[in-house]
Chemist: 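Just passing along the structure, written as structure tokens.
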Number of protein chains: 2
Amino acid sequence: MTRRTPRPRERGIPEATVARLPVYLRALQSLTERGTPTVSSGELASIAGVNSAKLRKDLSHLGSYGTRGVGYDVEYLIYQISRELGLTQDWSVAIVGAGNLGRALANYGGFGTRGFRIAALFDADPAVVGDEVAGLSVRHIDTLEDVVSVEKVSIGVIATPAAAAQGVCDRFVSAGVTSVLNFAPVVLSVPDGVDVRKVDLSIELQILAFHEQRKADGHEGPGWIGALEA
Amino acid sequence: MTRRTPRPRERGIPEATVARLPVYLRALQSLTERGTPTVSSGELASIAGVNSAKLRKDLSHLGSYGTRGVGYDVEYLIYQISRELGLTQDWSVAIVGAGNLGRALANYGGFGTRGFRIAALFDADPAVVGDEVAGLSVRHIDTLEDVVSVEKVSIGVIATPAAAAQGVCDRFVSAGVTSVLNFAPVVLSVPDGVDVRKVDLSIELQILAFHEQRKADGHEGPGWIGALEA
DNA sequence: ACGCCCTTGTGAATGCGCGCACAAAGTGGG
DNA sequence: CCCACTTTGTGCGCGCATTCACAAGGGCGT
Ligand SMILES: NC(=O)c1ccc[n+]([C@@H]2O[C@H](COP(=O)([O-])OP(=O)(O)OC[C@H]3O[C@@H](n4cnc5c(N)ncnc54)[C@H](O)[C@@H]3O)[C@@H](O)[C@H]2O)c1
Ligand SMILES: NC(=O)c1ccc[n+]([C@@H]2O[C@H](COP(=O)([O-])OP(=O)(O)OC[C@H]3O[C@@H](n4cnc5c(N)ncnc54)[C@H](O)[C@@H]3O)[C@@H](O)[C@H]2O)c1
């Protein structure tokens with residue numbers, strides 16, 4: 001390490017880099033399980049499916065954690081990325097909408113292992129409230145504000161029908177939640193300072209359909225666009 | 001319009017534009033339901049949560065379908081976008097993995113309404129094969145190649161555990177599927193000409209956690225990044 | 001028929017992200 | 001101790017995407 005520059009950490013990691021850090025993290029974790037102590041940018045990039053220069057530039061935004069001629073220490077890099085992403089602390093997540101998707105999410109084990117704790121599951125339907133899902137009792141949406149406050153929920157997940165999504169989002173925001181993950185097919189509007197990310201399967205399928213049609217149309221020449229990512 | 005150029009359609013709509021067309025489509029459909037006959041770029045952009053100049057530039061890639069001083073004809077624009085995205089035809093989708101997520105997807109009604117037909121649902125677990133899900137009988141994964149061929153599946157959805165995903169993907173590809181939507185947390189590798197899109201909830205949460213941490217850290221000044229989209 | 005006003009379509013400027021290519025730096029062997 | 005080899009960290013140029021700002025186009029009222 002021995003860096004003379006006390007590493008100012010320029011305040012501001014590019015958004016594109018932030019989106020890739022979790023991918024690197026997963027690649028590194030698979031290396032740990034295999035017992036690999038160090039890894040070069042080339043190897044790691046190959047596992048993560050990115051260009052090695054891009055990977056190095058991404059990591060350089062966190063600091064200078066590699067050793068020239070050797071590579072990166074896997075454990076140390078896992079720690080640094082985790083810290084940067086805020087995964088050294090636990091985050092409480094609340095899910096609204098205990099339907100098909102909400103239940104699948106609640107039942108999914110892959111969140112807890114990464115520091116995301118599902119603190120509560122809400123629904124508006126009295127027939128659903130009280131159901132036991134993944135060890136949680138479904139709560140009534142009217143208790144959202146209380147629960148958010150008590151459980152210190154910082155991330156809200158919306159898995160309700162589209163028509164209810166904006167209303168649920170507003171309630172999350174006024175309860176103090178500043179990060180929202182939205183599965184409903186609507187554009188949410190939120191005040192500044194609140195982050196919204198959306199997961200829209202229908203859009204994904206439509207994008208695939210677009211490219212599929214292009215492949216079928218006349219110019220079925222080369223692999224023109226190829227794999228979008230790895 | 002009186003365009004001298006006989007509409008060359010320059011062969012190639014920017015990827016960023018393609019990703020937004022479905023959003024515009026949804027906004028337009030909500031306008032139709034409300035009976036609105038025409039819409040200006042400003043209004044539509046506001047509904048879709050984008051900048052109006054961006055919206056106009058996006059639409060200009062499809063052709064010159066607006067009327068100056070008036071705006072866009074809602075029905076006509078719906079048709080043009082649908083055609084461009086390939087939604088005027090039906091697409092067959094196969095889902096592999098009839099677990100929490102696979103079942104939620106199969107039960108979701110929002111796909112069929114947009115021209116995506118779920119043609120089959122596969123699993124490797126004998127205890128699951130034969131289950132009835134959303135009117136479909138879960139088939140054994142070994143019949144994948146046959147079914148893909150018979151049902152003319154063009155989009156494959158992977159909802160298996162991570163460890164099985166690459167294998168399933170390979171089978172899709174060798175069966176002739178050239179569009180894959182992957183929910184498993186792994187980087188898939190595919191030959192040129194095959195499109196892969198991934199939906200990774202864990203990554204979304206980690207990105208939110210990153211920003212959440214930043215908000216909590218010292219500089220809790222302005223809404224520095226604000227809402228990512230609308 | 002004319003001109004006002006509204007909205008589109010796009011040229012141009014700016015910014016961001018990507019990837020090449022290389023100098024700097026550290027390792028290990030002789 | 002020095003040299004050859006490996007790998008990092010990054011300067012630089014390129015292309016895509018976003019946004020501003022405005023000229024050109026078309027409807028509508030008079
Ligand atoms: N299921 C999928 O695979 C899938 C795929 C893509 C998108 N989506 C989207 O995800 C959302 C949920 O899908 P789903 O299949 O789980 O739907 P669902 O109908 O099975 O479940 C929705 C749940 O939300 C509850 N709800 C309705 N209004 C509410 C409110 N105001 N407050 C709290 N809860 C409320 C309902 O009681 C119901 O239990 C929808 O917007 C859907 O478009 C789902
Ligand atoms: N459930 C969620 O909300 C959620 C959230 C994020 C990510 N994911 C990811 O989605 C995937 C599926 O999640 P899930 O919760 O549905 O898991 P699950 O364990 O409930 O279901 C997986 C299904 O895949 C089947 N399967 C296993 N190997 C197979 C093979 N080789 N061929 C065909 N089928 C096979 C299993 O029999 C099982 O039925 C996982 O990769 C998971 O990480 C799920």
Side-chain angles (χ1 to χ4, degrees), chain A residues 1-5 7-10 12-21 23-24 36-74 76-77 80 224-230, chain B residues 1-5 7-21 23-24 36-46 48-74 76-77 80 224-230:
Chain A
M1 289 307 86
T2 54
R3 39 184 157 67
R4 344 15 139 72
T5 53
R7 182 62 47 220
R9 180 71 49 66
E10 301 85 355
I13 296 181
E15 196 53 35
T17 295
V18 173
R20 283 187 295 267
L21 290 179
V23 178
Y24 303 155
T36 313
T38 62
V39 66
S40 70
S41 63
E43 290 173 76
L44 187 54
S46 159
I47 299 173
V50 300
N51 177 292
S52 72
K54 180 154 58 176
L55 183 139
R56 287 196 299 276
K57 190 160 290 184
D58 282 342
L59 294 183
S60 77
H61 288 114
L62 311 191
S64 212
Y65 299 137
T67 306
R68 292 166 197 242
V70 176
Y72 300 88
D73 181 274
V74 173
Y76 188 58
L77 200 49
Q80 290 299 342
W224 43 288
I225 197 157
L228 294 191
E229 30 203 298
Chain B
M1 281 320 80
T2 54
R3 39 186 157 66
R4 335 23 132 75
T5 53
R7 174 79 41 238
R9 182 69 51 66
E10 299 87 354
R11 295 282 135 237
I13 297 182
E15 196 52 35
T17 295
V18 173
R20 282 187 296 266
L21 290 179
V23 178
Y24 303 154
T36 312
T38 62
V39 66
S40 70
S41 63
E43 290 173 74
L44 188 54
S46 159
V50 300
N51 178 294
S52 71
K54 178 154 59 176
L55 183 140
R56 288 197 298 277
K57 188 155 288 185
D58 282 342
L59 294 184
S60 77
H61 288 114
L62 311 192
S64 211
Y65 299 138
T67 306
R68 293 166 194 246
V70 176
Y72 300 88
D73 182 273
V74 173
Y76 188 58
L77 200 49
Q80 289 299 342
W224 42 287
I225 198 158
L228 294 192
E229 28 204 300

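So you know, we letter chains A, B, ... as the sequences are listed, proteins then strands, and number each from 1.
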Chemist: Taking NE2 from H61(A) and P from dC18(C), how many angstroms apart are they, rounded to a whole number?
Modeler: 10 Å
Chemist: For the pair made of OH in Y65(B) and C1' in dG25(D), what is the distance, rounded to whole Å?
Modeler: 18 Å
Chemist: Take L77(A) and L44(A), measure what side chain to side chain contact (heavy atoms under 4.5 Å, CB included) needs, and give me the verdict at the end.
Modeler: CA-CA 11 Å; L77(A) 200 49; L44(A) 187 54; 4.3 Å; yes
Chemist: What is the separation between atom CG on L55(B) and atom P on dT19(D), rounded to the nearest whole Å?
Modeler: 12 Å
Chemist: Which heavy-atom pair separates R20(B) from D58(B) by the least distance, and what is that distance?
Modeler: NE-OD2, 2.7 Å
Chemist: Using whole Å, what does the distance between atom P of nucleotide dG9(D) and atom OH of Y72(A) come to?
Modeler: 4 Å
Chemist: Going by heavy atoms in the side chains, are Y24(B) and L55(B) under 4.5 Å from each other?
Modeler: yes
Chemist: Measure the distance from CG on L44(A) to P on dT7(D) and round it to the nearest whole Å.
Modeler: 14 Å
Chemist: Respond yes when some side-chain nitrogen or oxygen of R68(B) is under 4.0 Å from OP1 or OP2 of dC28(D), and no when none is.
Modeler: no
Chemist: Rounded off to whole Å, could you give me the CG-to-C1' distance for the L62(B) and dT10(C) pair?
Modeler: 15 Å
Chemist: Name all residues meeting the side-chain contact (heavy atoms from CB on, under 4.5 Å) criterion together with A19(B); count only those two or more places apart in sequence or in a different chain, and write none if there are none.
Modeler: I207(A)
Chemist: All N/O contacts under 3.5 Å from nucleotides 19-21 of chain C to the protein, with atom names and distances to one decimal?
Modeler:
from, atom 1, to, atom 2, distance (Å)
dG19(C), OP2, K54(A), NZ, 3.2
dG19(C), O6, K57(A), NZ, 2.3
dC20(C), OP2, N51(A), ND2, 3.3
dA21(C), N6, R56(A), NH2, 3.3

Chemist: Given atom CG of L59(A) and atom P of dT7(D), what is their separation to the nearest angstrom?
Modeler: 16 Å
Chemist: Are any of S41(A)'s side-chain N or O atoms less than 4.0 Å away from OP1 or OP2 of dT8(D)?
Modeler: yes
Chemist: Could you tell me which non-hydrogen atom of S52(B) sits nearest to which non-hydrogen atom of A45(B), and how far apart they are?
Modeler: CA-CB, 3.5 Å
Chemist: Using every non-hydrogen atom in the two residues, find where V74(B) and T36(B) come nearest and quote the distance to one decimal.
Modeler: CG2-O, 3.5 Å
Chemist: Between atom CG in D73(A) and atom C1' in dT7(D), what is the gap in whole Å?
Modeler: 15 Å
Chemist: Any side-chain N or O of T67(A) below 4.0 angstrom from OP1/OP2 of dG26(C)?
Modeler: no
Chemist: Grab the two heavy atoms, one from Y65(B) and one from Y76(B), that are nearest each other, plus how far apart they are.
Modeler: CD2-CE2, 3.6 Å
Chemist: 5'-most contact on DNA chain C: G69(A) or S40(B), nearest heavy atom basis?
Modeler: S40(B)
